[in-house]
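So the structure is just underneath, and the comments pick up after that.
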Amino acid sequence: MTDLLIELRSEEIPARMQARARADLVALLTGELARAGIAAAAMTAYSTPRRLAVIATGLPDATDAVTEEVKGPRTSAPDQALDGFLRKTGLTRDQLTERGGVWFAVTSRPGRRTADVVAEAIPAIIRAFPWPKSMRWGQASLSTESLRWVRPLQGIVALLGDEVIDCAVDGVTSGRETAGHRFMHQGPVRIANAAGYADALRAAHVIVDQDERAAIIRDGAAALASAAGLSVIADDGLVTENAGLTEWPVPLLGRFDPGFLDVPPEVIQLTARVNQKYFVCQSADGTLAPAFVCVANIAAPDGGARIVAGNQKVLAARLSDARFFYDTDLKVPLADQAGKLAQIVFHEKLGTVADKVERVARLARWLVEQGIVKGADPDHAERAARLAKADLVTGMVGEFPELQGLMGGYYAKAQREPEPVWQAVRDHYKPAGQGDAVPTAPVTVAVSLADKLDSITRFFALDLKPSGSKDPFALRRSALGVIALILDNRLRFPLAGSVSADVLDFFADRLKVQQREAGVRHDLIDAVFALGGEDDLVRLLARVHALQAFIGTEDGANLLAGYKRAANILKKESFAAGAVNPAPEPAEAALAAALDVAGPAAEAAIAGEDFGAAMAALASLRGPIDAFFDQVTVNDADPVKRAARLGLLARMRDAVHRVADFAKIEG
């Protein structure tokens with residue numbers, strides 16, 4: 001058994017592409033080997049800004065000869081069937097084997113050296129590589145047949161054991177030499193084999209393992225901040241990005257003018273993160289500190305002093321720009337900014353953002369005035385809705401679209417809007433996704449709910465619904481937001497009176513998605529929705545929770561089985577309602593008596609929204625229905641008895657349907 005190393009060296013690979021590229025390299029190599037009947041014991045992929053590599057361990061030196069047998073048509077089959085089989089296998093009739101009246105195609109594939117398989121696999125992998133974006137370069141790029149790669153491909157290392165695998169792609173030939181760090185190492189780096197790959201490059205100031213580089217960055221930044229009495233604001237995405245930008249990461253602590261802290265902390269953090277890839281620091285009390293950590297790609301002789309100084313100048317310039325945007329925006333009242341929204345098209349069939357603002361303002365006020373959202377001032381709700389989108393035309397949001405809403409909140413607060421108003425402006429996009437905080441402040445709830453409902457209903461009215469994986473207007477996310485707002489704030493909201501039937505179905509589907517993580521069964525949601533008329537999500541979910549608890553008991557499981565048995569019988573039989581058996585069996589009479597009590601009790605409990613009591617009422621039917629099926633012949637020869645007994649089963653079915661449509665319940 002032996003190990004394989006493949007390294008594909010190029011100019012800088014964007015950090016955002018590296019994780020997928022590692023996975024693609026493993027998948028492509030696995031597929032190429034599998035086609036030759038080879039499987040590695042393990043594969044590990046590495047990436048740096050200048051290389052993509054994979055090590056496959058436990059490969060055989062050669063593959064065994066393989067005999068393959070494919071069954072064909074019978075020898076008595078029509079000629080057309082045989083001709084199709086011959087075309088499929090590429091054989092002639094005299095090459096087939098006949099056995100038991102059936103044709104077989106038996107072929108032998110000789111064993112191959114693994115080195116030969118790999119020599120063919122590498123060019124195939126390079127040419128088939130699915131980069132999200134790729135390029136051609138040099139004189140060869142004049143032809144559309146030339147190689148495409150993420151950046152110009154410069155070298156290939158291909159070693160099986162200690163031996164070089166000879167191959168070439170568009171003039172780039174394989175070998176055992178690669179390049180070390182661009183600035184900290186001179187000359188080629190000779191790789192002996194896969195086992196020595198990482199150490200040879202480490203000696204040339206390249207750490208090939210991206211996870212090791214990430215740990216150096218994370219731990220080094222934390223140590224630097226701690227030594228200064230600070231802590232780094234955690235940012236795993238930024239750690240990964242810096243690991244993808246460096247081959248020899250060196251974290252360095254820098255400072256900036258505390259005067260910039262007058263700018264909102266989110267602006268400083270985004271300026272540092274997005275523009276410069278810096279980590280920001282916070283003091284022990286959680287406030288932003290005038291310090292940052294940058295990651296150099298070199299161990300400088302002066303300990304990084306000049307690097308830090310240069311980065312401090314760059315960040316100061318960026319923060320100056322941010323402060324300019326902030327100060328300039330503050331000079332214009334948000335209400336004046338909102339007037340500019342008439343110049344921004346929301347959707348060609350739905351008008352401008354100003355049109356949307358008008359709709360949301362009316363809806364937010366209505367939600368408060370109708371008592372759906374309690375505890376809010378309707379004037380505040382309308383005012384917040386009219387200001388909520390105003391920051392879209394500000395300089396700061398133009399620079400950092402991620403800050404929309406948040407900056408509006410800062411500006412509204414600075415311009416002395418009432419607290420409920422500026423909070424609603426700040427938070428009305430929430431919840432923006434899974435795990436995001438759900439607003440509870442009444443004015444915020446009204447504006448957030450109105451904003452999302454407007455988008456969903458308007459786009460559905462235009463038949464611009466989500467389809468498959470396509471959801472260009474993020475309506476699924478908006479629906480989950482609406483559901484979270486309703487459930488977390490226990491809003492008694494009759495959706496059917498406010499939205500169309502297809503929107504209600506859409507909410508039902510999203511509710512199943514939202515509740516799946518909470519362990520709520522989707523079939524139980526279907527069972528309650530199927531009754532019709534249940535469009536209050538708070539009440540619906542309370543009913544579903546009670547139903548799930550009941551179905552999980554022995555009484556519930558047995559009643560479900562009894563219901564399904566009764567429903568199956570009723571599907572096959574017809575009868576006249578109201579038939580009475582003059583001499584009922586004891587079990588028949590007992591079921592009738594139980595239904596006389598359980599039916600009204602379940603109905604009264606549901607009316608009072610005591611769903612636990614409704615389930616308890618149904619539980620009382622378990623014994624009588626079991627006894628009924630054990631002791632009574634439903635399809636009696638006497639048509640009066642049969643009709644009466646079928647009528648009892650129909651009463652039982654109807655009593656159960658007061659709670660949920662048990663036909664929708666699985667099991």
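- Considering Ile6, Ile156, Asp170 as possible partners of Ile126, the one that fulfils the side chain to side chain contact (heavy atoms under 4.5 Å, CB included) test is Ile156.
- Contact check for Ile38 versus Thr114: side-chain heavy atoms found under the 4.5 Å cut-off.
- Contact of the Thr57 side chain with the Ile55 side chain is registered, since non-hydrogen atoms from C-beta on lie closer than 4.5 Å.
- Minimum heavy-atom separation, Cys281 to Leu288: O-CD1, 3.5 Å.
- In this structure, the side chains of Val169 and Leu147 come closer than 4.5 Å at one or more pairs of heavy atoms.
- Minimum heavy-atom separation, Ala300 to Gly304: CB-N, 3.8 Å.
- Within the 4.5 Å cutoff, no side-chain heavy atoms of Val102 are placed close to those of Pro73.
- Not counting sequence neighbours, the partners of Glu266 by the side chain to side chain donor-acceptor pair (under 3.5 Å) test are Tyr410.
- Between Leu541 and Gln515, the shortest heavy-atom distance links the atoms CD2-NE2, 3.4 Å.
- Heavy atoms of other residues, nucleotides or ligands lying less than 6.0 angstrom from CD of Glu69 number more than 12.
- Taking 4.0 Å as the cut-off between side-chain N and carboxylate O, Arg74 and Glu98 do not count as a salt-bridged pair.
- Within the structure, the side chain to side chain donor-acceptor pair (under 3.5 Å) test picks out no pair touching residues 295-308 (sequence neighbours left out).
- For the ring pair (Phe, Tyr, Trp, His ring centres under 6.0 Å) condition, the pairs that include at least one residue of residues 267-313, sequence neighbours left out, are Tyr278-Phe292.
- Applying the 6.0 Å contact sphere to CZ of Arg16 captures no more than 12 heavy atoms from other residues, nucleotides or ligands.
- Partners of Tyr46 by side chain to side chain donor-acceptor pair (under 3.5 Å), not counting sequence neighbours: none found.
- Ile298 places a side-chain heavy atom less than 4.5 Å from the side chain of Ile307.
- Here the OG1 atom belonging to Thr2 is positioned 7.0 Å from the CG atom belonging to Leu59, to the nearest 0.5 angstrom.
- Residue Ile233 holds its CD1 atom at 4.5 Å from CD of Gln282, rounded to the nearest 0.5 Å.
- Between the side chains of Ser134 and Arg148, a donor-acceptor pair is found at a separation under 3.5 Å.
- Pairs passing the side chain to side chain donor-acceptor pair (under 3.5 Å) check and including a residue from residues 200-209, sequence neighbours excluded, read Arg202-Glu212.
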| request: Before giving the answer on side-chain contact (heavy atoms from CB on, under 4.5 Å), spell out for Gln312 and Arg255 the whole-Å C-alpha distance, their side-chain angles and the decisive distance to 0.1 Å. | output: CA-CA 7 Å; Gln312 288 179 162; Arg255 304 277 184 173; 3.9 Å; yes
| said: Determine whether Glu11 and Arg51 satisfy the following criterion, salt bridge (Lys or Arg N to Asp or Glu O under 4.0 Å), listing intermediate values before the conclusion. | reply: CA-CA 8 Å; Glu11 293 184 15; Arg51 69 201 76 228; over 6 Å; no
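- Residues Pro431 and Gly481 approach most closely at CG-CA, 3.7 Å, considering heavy atoms.
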| said: Please determine whether salt bridge (Lys or Arg N to Asp or Glu O under 4.0 Å) holds for the pair Asp526 and Lys512, giving the CA-CA distance in whole Å, both sets of side-chain angles, and the decisive distance to 0.1 Å. | reply: CA-CA 9 Å; Asp526 286 336; Lys512 284 184 277 189; 2.8 Å; yes
| request: Mind running side-chain hydrogen bond (donor to acceptor under 3.5 Å, both in side chains) on Thr48 and Glu247 for me, showing each step along the way? | output: CA-CA 6 Å; Thr48 79; Glu247 291 192 320; 2.5 Å; yes
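- For Arg273 and Glu402, the salt-bridge test fails: no basic side-chain N is under 4.0 Å from an acidic carboxylate O.
- To the nearest 0.5 Å, the span separating CG on Asn311 from CG on Leu252 amounts to 8.0 Å.
- Residues meeting the salt bridge (Lys or Arg N to Asp or Glu O under 4.0 Å) test with Arg113, sequence neighbours left out: Asp116.
- The ring pair (Phe, Tyr, Trp, His ring centres under 6.0 Å) contacts involving residues 160-193 comprise nothing, where partners must be two or more places apart or lie in separate chains.
- Among all heavy-atom pairs drawn from Leu224 and Pro251, the shortest one is CD1-O, 3.3 Å.
- In this structure, Thr30 OG1 and Ile125 CD1 are separated by 8.5 Å, a value rounded to the nearest 0.5 Å.
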Listed pairs under 3.5 Å, donor-acceptor, residues 20-29 side chains, sequence neighbours left out:
from, atom 1, to, atom 2, distance (Å)
Arg20, NE, Asp24, OD2, 3.4
Arg20, NH2, Pro130, O, 3.3
Arg22, NH1, Ser47, OG, 2.7

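- Side-chain contact annotation: Gln434 with Gln514, donor-acceptor N/O pair under 3.5 Å absent.
- Ion pairing between Lys277 and Glu241 holds under the 4.0 Å rule for side-chain N and carboxylate O.
- Annotation: side chain of Ser174 is not in contact with side chain of Val157 (no heavy-atom distance under 4.5 Å).
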| request: Begin from the C-alpha positions of Arg151 and Glu12 and carry the test salt bridge (Lys or Arg N to Asp or Glu O under 4.0 Å) through to its verdict. | output: CA-CA 7 Å; Arg151 296 290 186 271; Glu12 273 66 12; over 6 Å; no
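- Using modelled atom types, one finds a donor on one side chain and an acceptor on the other under 3.5 Å when comparing Thr178 with Glu7.
- Annotation: the span from Asp3 atom CG to Tyr197 atom OH amounts to 14.5 Å, rounded to 0.5 Å.
- The side chain to side chain donor-acceptor pair (under 3.5 Å) search around Arg510 returns none, not counting sequence neighbours.
- Under a 3.5 Å cut-off, the side chain of Arg9 and the backbone N or O of Arg50 do not form any donor-acceptor pair.
- Around atom CZ of Arg521, more than 12 heavy atoms belonging to other residues, nucleotides or ligands sit under 6.0 Å away.
- Panel note: side chain Thr553, backbone Gly556; a donor-acceptor pair is recorded below 3.5 Å.
- A donor-acceptor pair shorter than 3.5 Å can be found between the side chains of Arg318 and Gln276.
- Proximity of Leu82 to Arg93: side-chain heavy atoms (C-beta onward) are separated by under 4.5 Å at one or more points.
- Scanning both residues, Ala204 and Val189, for their nearest heavy atoms gives CB-CG2, 3.5 Å.
- Between atom CD of residue Glu666 and atom CG of residue Leu524 there is a gap of 8.5 Å, rounded to the nearest 0.5 Å.
- Looking at residues two or more places apart in sequence or on another chain, you find a ring pair (Phe, Tyr, Trp, His ring centres under 6.0 Å) between Trp131 and Phe129, Trp149.
- The shortest side-chain heavy-atom distance between Pro132 and Met17 falls under the 4.5 Å cut-off.
- Residues Glu163 and Arg176 are not paired through a salt bridge, judged by the lack of any N-O separation under 4.0 Å between the basic side chain and the carboxylate.
- Remark: Asp436 pairs with no residue by the salt bridge (Lys or Arg N to Asp or Glu O under 4.0 Å) rule, at least two apart or across chains.
- Applying the side chain to side chain donor-acceptor pair (under 3.5 Å) definition to pairs two or more places apart or across chains, those involving residues 34-44 are Glu32-Arg35.
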